[in-house]
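Every heavy atom of this structure was used, including side-chain atoms; hydrogens, water molecules and symmetry mates were not.
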Amino acid sequence: MVVFVSDFHLGSPNYKTSREREADICAFLDAIKHDAKEIYFLGDVFDFWFEYKTVIPKGYVRFFGKLAELSDSGIQLKVCVGNHDLWMSDYLIQECGVEIFSEPRLLELGNCRILVHHGDGLGPGDLKYKFLKKIFTNKAAQFFFKIIHPDIGVRMANAFSRKSRSGEKPIEKKYKGDNKEFLTQYCEEVLQEGFVHYFIFGHRHLQLDITLSNGVSRYINLGEWFSGRRYVTFSDGVLAIQDFKGVRGL
């Protein structure tokens, strides 16, 4: 079984809520570990992440331990960087045995083609974010951020992350329609180049299951783990959208 999940945003909006969500995530990973062969974490695992040479953001010990346990048991863990955790380096690779990727990835699972990514920066529009992403992924920008003391740098980044989310307009949290949704448009563009059965993304914080214009392909958005616990499984040629109840029955 291959599992897809996204947008945990660990660390947000505060310590208490994040710890409760972390408990749900660990319970979820325990629930699937006996059947899963691969798990794809499709971005924004953390609300902010930056690896200094010898320092990483405080917290997430239980989650890291669970990743290490799963990796040691032979489960392949794949992490796509998201717009909130762009600055991943080698910590999770070395300590937790994960594979990190940043570009859209086309999976061939049996006779099924599945394209996965976080979803940020794809499709038309959003030029402001695409410009900012080029800055954030620039090696020089990362170097200058790295020379800031971690206590200051992490505090600054967390404040920026919270401000970015609080500044979202209500319309951005609703499905805009096929002609205006950049990820739907991206899917349609990809289909012009070749057939894909499923597109699985996060980023939009909306739980979506959209049949595309060819009447066969589907765009699935996993939503987020603030208010929902959605994930997707693929096993024996069958894709299923599922919801985890969580330790508090959410």
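- Of the possible polar contacts, none joining the R204 side chain to the N221 backbone as a donor-acceptor pair under 3.5 Å is found.
- The shortest side-chain heavy-atom distance between R230 and I241 falls under the 4.5 Å cut-off.
- Residues L122 and V196 fall within the same hydrophobic cluster, defined by Ile, Leu, Val, Met, Phe, Trp and Tyr side chains chained together at heavy-atom separations under 4.5 Å.
- No donor-acceptor pair closer than 3.5 Å links the side chain of H118 to the backbone N or O of V81.
- Counting only heavy atoms from C-beta outward, the side chains of I114 and C112 approach each other to under 4.5 Å.
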- [ ] Go through the steps to decide whether L29 and F63 satisfy the test side chain to side chain contact (heavy atoms under 4.5 Å, CB included), and finish with yes or no.
- [x] CA-CA 9 Å; L29 294 173; F63 176 64; 4.1 Å; yes

- [ ] Check the pair F201, Y219 against ring-ring contact (aromatic ring centres under 6.0 Å, His included), reporting the backbone distance first and the verdict last.
- [x] CA-CA 8 Å; F201 302 125; Y219 154 43; 5.8 Å; yes

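- Of all the heavy atoms in L77 and C96, the pair that sits closest is CD1-O, 4.1 Å.
- For Y60 and F46, the gap between ring centers is short of 6.0 Å.
- At a cut-off of 3.5 Å, with distance as the only test, no side-chain donor of H203 or D7 sits close to an acceptor on the other residue.
- The local environment of OH in Y15 is sparse, with at most 12 non-hydrogen atoms from other residues, nucleotides or ligands closer than 6.0 Å.
- A donor and an acceptor atom, one from each side chain of T184 and Y175, are located under 3.5 Å apart.
- Note that the CD atom of E51 and the CH2 atom of W49 stand 5.5 Å from one another [nearest 0.5 Å].
- At most 12 non-hydrogen atoms from other residues, nucleotides or ligands lie less than 6.0 angstrom from CG of N111.
- Counting all heavy atoms, side chain and backbone alike, V216 lies closest to N214 at N-OD1, 2.9 Å.
- Aromatic pair F4/Y231: centroids not less than 6.0 angstrom apart.
- Minimum interatomic distance between S6 and L42 (heavy atoms only, all atoms of both residues): OG-O, 2.9 Å.
- Around atom CD of E193, no more than 12 heavy atoms belonging to other residues, nucleotides or ligands sit under 6.0 Å away.
- None of F28, W225, F226 except one satisfies the ring-ring contact (aromatic ring centres under 6.0 Å, His included) rule with F8; the exception is W225.
- Under the 4.5 Å side-chain heavy-atom criterion for ILVMFWY residues, no single connected hydrophobic cluster contains both V232 and I210.
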TODO: Apply salt bridge (charged side-chain N to carboxylate O under 4.0 Å, His left out) to E99 and R105, showing your working.
DONE: CA-CA 13 Å; E99 176 190 340; R105 177 170 292 191; 2.8 Å; yes

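- Judged by distance alone, the side chains of H205 and H9 do bring a donor and an acceptor atom under 3.5 Å apart.
- With a 4.5 Å cut-off on side-chain heavy atoms, L10 and D47 do not count as touching.
- When each of V98, I32, I39 is checked for a side chain to side chain contact (heavy atoms under 4.5 Å, CB included) with L70, only I39 meets the rule.
- Between the side chain of D72 and the backbone N or O of E69, no donor-acceptor pair lies under 3.5 Å.
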Task: Test log, rule salt bridge (charged side-chain N to carboxylate O under 4.0 Å, His left out), inputs D30 and K33 - done: CA-CA 5 Å; D30 274 334; K33 66 183 181 182; 3.1 Å; yes

